[in-house]
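So the structure is just underneath, and the comments pick up after that.
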Amino acid sequence: LRGVPIAMLQGRVHGYEGFAPEALTRGIELLAALGVGQVLLTNASGGLRPDMTSGELVIVTNHIDIVRRPWGEALEPDLAGEVAPRTHYYDPALADLALEATRRADVVARKGVYALLSGPTYETRSEYRMLRKMGADVVGMSTVPEVVAATRLGLDVTVSSVVTNVAKPDAIAQVDTDAEDVCRMAATAAEGVWAILETLAARAAGRPCVSC
């Protein structure tokens with residue numbers, strides 16, 4: 001893409017499917033072994049802000065890990081000692097680049113915080129309220145293990161989350177989340193994600209991406 005080799009992985013496994021923690025980071029370890037320097041992670045998520053709309057993108061700038069497990073071999077202590085504690089996983093400059101790319105593509109997007117829950121069930125109304133109070137903007141069941149592993153392995157990370165449904169815990173009528181609707185809505189985010197990918201490719205090539 002724009003003269004830059006791209007490696008793409010289709011889908012991911014989740015902890016709720018019964019996979020061991022190390023399986024969740026195996027794709028990232030593979031990309032690092034291939035010599036990849038930066039990764040764009042995508043996911044489908046539930047929107048927690050009432051002003052959100054289904055189909056918009058959230059460029060993740062931080063996360064809340066409620067699951068809190070050791071995320072596989074990539075995070076095991078190295079020979080020099082324990083893994084150094086980290087609080088910064090997301091590069092603000094990369095988030096800005098991604099947001100600018102979506103705006104050039106005329107795609108609705110914003111920055112936000114991603115909350116990780118284990119799933120597989122969707123959240124309750126009370127959990128939606130709790131997550132909002134904790135400062136989360138979107139919620140999902142993936143991505144954080146990959147972010148942590150990628151950072152540990154020295155990869156630059158950008159995360160784009162498509163809001164496939166908007167939580168309305170205070171609505172009088174209960175609105176259930178349908179998995180098929182989530183998949184259909186996720187597919188509509190292709191244009192915005194592609195714009196981000198082009199911008200990151202231009203960055204990797206050392207060129208500005210004015211007209212991407």
Side-chain angles (χ1 to χ4, degrees), residues 8-16 24-25 27-28 38-67 71 88-120 122-123 127-128 130-132 134-151 155-168 177-200:
M8 303 189 74
L9 303 182
Q10 182 180 17
R12 56 165 57 87
V13 298
H14 301 78
Y16 65 74
L24 309 186
T25 61
I28 294 297
Q38 60 180 352
V39 293
L40 170 61
L41 300 173
T42 62
N43 63 50
S45 63
L48 298 172
R49 302 300 168 188
D51 62 337
M52 285 179 164
T53 57
S54 295
E56 77 170 272
L57 294 180
V58 173
I59 309 303
V60 177
T61 57
N62 214 327
H63 66 245
I64 299 172
D65 183 356
I66 297 177
V67 180
W71 298 123
H88 302 291
Y89 294 99
Y90 305 87
D91 186 333
L94 285 178
D96 288 340
L97 276 179
L99 192 60
E100 290 169 8
T102 60
R103 288 173 176 168
R104 285 195 299 269
D106 198 25
V107 172
V108 178
R110 71 177 78 188
K111 295 179 182 178
V113 175
Y114 179 91
L116 169 67
L117 273 68
S118 61
Y122 293 112
E123 296 71 34
E127 287 169 338
Y128 283 136
M130 174 192 72
L131 292 168
R132 254 194 335 217
M134 292 173 69
D137 299 288
V138 289
V139 58
M141 308 170 192
S142 67
T143 305
V144 170
E146 298 156 31
V147 169
V148 175
T151 304
L155 280 60
D156 293 334
V157 180
T158 307
V159 177
S160 174
S161 181
V162 56
V163 176
T164 53
N165 61 289
V166 180
K168 297 179 180 179
T177 301
D178 182 84
E180 292 186 3
D181 288 339
V182 167
C183 292
R184 282 193 294 269
M185 191 56 64
T188 67
E191 185 177 353
V193 172
W194 184 259
I196 296 171
L197 188 60
E198 282 197 304
T199 296
L200 294 177

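Taking the ring-ring contact (aromatic ring centres under 6.0 Å, His included) definition, one finds that His14 meets it with Tyr16, sequence neighbours left out. The side-chain contact (heavy atoms from CB on, under 4.5 Å) search around Ala136 returns Leu48, Ile64, Ala115, Leu131, not counting sequence neighbours. The side-chain hydrogen bond (donor to acceptor under 3.5 Å, both in side chains) check on Asp106 picks up nothing, with sequence neighbours excluded. With sequence neighbours left out, the side-chain hydrogen bond (donor to acceptor under 3.5 Å, both in side chains) criterion links Thr102 to no other residue.
Residues in residues 155-165 take part in these salt bridge (Lys or Arg N to Asp or Glu O under 4.0 Å) pairs, two or more places apart or across chains: Asp156-Arg203. The salt bridge (Lys or Arg N to Asp or Glu O under 4.0 Å) contacts involving residues 92-103 comprise Asp96-Lys111, where partners must be two or more places apart or lie in separate chains.
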Kindly indicate, with the supporting measurements, whether the criterion side-chain contact (heavy atoms from CB on, under 4.5 Å) is fulfilled by His63 and Val148. CA-CA 10 Å; His63 66 245; Val148 175; 4.3 Å; yes
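Of the possible polar contacts, none joining the Ser160 side chain to the Ile59 backbone as a donor-acceptor pair under 3.5 Å is found. Panel note: side chain Gln38, backbone Leu200; a donor-acceptor pair is recorded below 3.5 Å.
Rounding to the nearest 0.5 Å gives a distance of 10.0 Å between OH of Tyr114 and CG of Asp65.
Put simply, the side chain of Ile28 reaches to within 4.5 Å of the side chain of Leu41, judged on heavy atoms.
Side-chain contact of Ser142 with Asn43: a donor-acceptor pair under 3.5 Å is absent, judged by distance alone.
A side-chain contact (heavy atoms from CB on, under 4.5 Å) with Leu57 is found for exactly one of Thr42, Val107, Val138, namely Val107.
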